[in-house]
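To find a chain, count down the sequence lines: A is the first, B the second, and so on, and within it residues start at 1.
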There are 2 protein chains.
Amino acid sequence: MSGGVEWALHCCVVLTSVTEPVPAARLAQLHAVSPSYLAKQLQALSRAGLVRSVQGNAGGYVLTRSPELITVLDVVEAVDGPGPAFSCTEIRQRGPMAAPPQSCTVPCAISRAMAGAEATWRDALRSVSVADLARDVESDYGSGTLAGISAWLGTGGR
Amino acid sequence: MSGGVEWALHCCVVLTSVTEPVPAARLAQLHAVSPSYLAKQLQALSRAGLVRSVQGNAGGYVLTRSPELITVLDVVEAVDGPGPAFSCTEIRQRGPMAAPPQSCTVPCAISRAMAGAEATWRDALRSVSVADLARDVESDYGSGTLAGISAWLGTGGR
DNA sequence: GACAACTCGGACATCTGTTGTCCGAAACAG
DNA sequence: CTGTTTCGGACAACAGATGTCCGAGTTGTC
Ligand code: SF4
Ligand code: SF4
């Protein structure tokens, strides 16, 4: 799993509390990570249509829709790739005891089990929205946390 | 995800139908894969205690317990590593707006969501045993499939 | 009991994917 | 119109996974 998912999720949570575009460099120095690499993750989010990029002076990134409508699964798929983690090689069709091709119309038992497990994983991630995460953060660290971060982002807090 | 998990699962399913030890090389030529690499996966299974290795002439691998008691999760953890796929970097404690350490006694919302999703994934894999896979294979390709493979393994089917 | 053959086990290269970095193109503000 | 700021994709460095190899140990046989 790509470790950059954590950064992207943090950025999305932070972006819920701002209305002005925020540059990638500011977000990077907010949690002390490599600015260039975070930019790459944000580009992935932009390609997926989760955030809108505004170029030029006073530009940056903004969410395209309400945080309630952005699920964690969307972010994970955008950064880590939409393909399933377990890819079948179809080794049942190889070797001396290979299964005849006409018997391979449906995925085999192993592939089905893996696909089912990943489906539950996706459902669990889909049931959590970025707004839920923001709410939990507020309840964990106090109600002023998000507003404080927003203010720090707005002002030239260097 | 390590692609070798597929090979290991196939080997476990095949091993359900034999009572004599089977060498790694035979399993490798059964589904036409690299013998040395499959040996590595089997070593991982042996280290995890899922299969027992018998050395010397007429040696090989055998299951240590009933297939009903071996879950898919066991195989996955043995081959792919037991650690969670998503590892938290604790970036909330870095940067100018870092959360104070006394507030970080519990995992944050993001980490909790990911951990919950992985827990469901593990439960789904834990609920499927190798015996279930073998049963499904029999029902998919006919009742004689497993016996045929067992015979091919026993005889010097080259 | 000695021998020989066969097996596993871990140590050694290689290769793709992730991590990290950089500079040019485009756009907004003034 | 110009300067500055920003994004976007193209370019290296590293790591883990993939693939391979030979030695230690065991078993069966003579
Ligand atoms: S048995 Fe399942 S996992 Fe294995 S090759 Fe066939 S479809 Fe793929
Ligand atoms: S917010 Fe969660 S995922 Fe991010 S650093 Fe803190 S514990 Fe880790």
B/G59 vs A/A39, nearer the 5' end of DNA chain C by closest nucleotide
B/G59
Distances under 3.5 Å between nitrogen or oxygen atoms of protein and nucleotides 23-30 of chain C:
unit_1, atom_1, unit_2, atom_2, d
C/dA27, O4', A/Q55, OE1, 3.4

Length of the line joining B/Q41:CD and C/dG10:P, which is rounded to integer Å:
13 Å
So A/R65 and A/L50, do their side chains get closer than 4.5 Å, heavy atoms only?
yes
Rounded to whole angstroms, how far apart are CG on B/L45 and C1' on C/dG9?
14 Å
Closest-nucleotide mapping onto DNA chain C: is B/A25 or A/S36 further toward the 5' terminus? I mean the 5' end.
B/A25
Classify the side-chain pair B/D74/B/T71 by whether it contains a donor and acceptor separated by less than 3.5 Å.
yes
Name the orientation class of the two ring planes belonging to B/H31 and B/H10 (parallel below 30°, tilted from 30 to 60°, perpendicular beyond 60°).
tilted
Rounded to the nearest angstrom, tell me the gap between atom CG in A/L42 and atom P in D/dG9.
12 Å
Rounded to the Å, how far apart are A/R47 CZ and D/dG8 P?
9 Å
Under 3.5 Å between N/O atoms: give me all the protein pairs with nucleotides 11-16 of chain C, atom names plus distance.
none

CG of B/L38 versus P of C/dG9: gap in Å, rounded?
13 Å
How close do B/G144 and B/E138 get, heavy atom to heavy atom, and via which atoms?
N-OE1, 4.5 Å
What is the distance, rounded to the nearest whole Å, between atom CD of B/Q29 and atom P of C/dT7?
11 Å
Which whole-number value in Å describes the distance from A/Y37 OH to C/dT18 P?
8 Å
Round to the nearest Å and state the distance from B/R52 atom CZ to D/dG25 atom P.
16 Å
Give the residues of residues 16-24 of chain A touching DNA chain D, defined as any heavy atom closer than 4.0 Å, sorted by residue number.
A/P23, A/A24
Pair B/S129-B/D132, side-chain donor/acceptor within less than 3.5 Å:
yes
Taking all non-hydrogen atoms of both residues into account, name the closest pair between B/L27 and B/V22 and its distance.
CG-CG1, 3.9 Å
Is the phosphate of D/dT18, meaning OP1 or OP2, less than 4.0 Å from a side-chain N or O of B/S2?
yes
Output yes when at least one side-chain N/O atom of A/S34 is less than 4.0 Å from OP1 or OP2 of C/dT21, else no.
yes
Nearest non-hydrogen partners of B/V79 and B/G4, listed with the distance:
CG1-C, 4.3 Å
If you compare every side-chain N and O of A/S46 against the phosphate oxygens of D/dG8 (OP1, OP2), does one of them come in below 4.0 Å?
yes
Any B/Y61 side-chain heavy atom under 4.5 Å of B/Q43 side chain:
yes
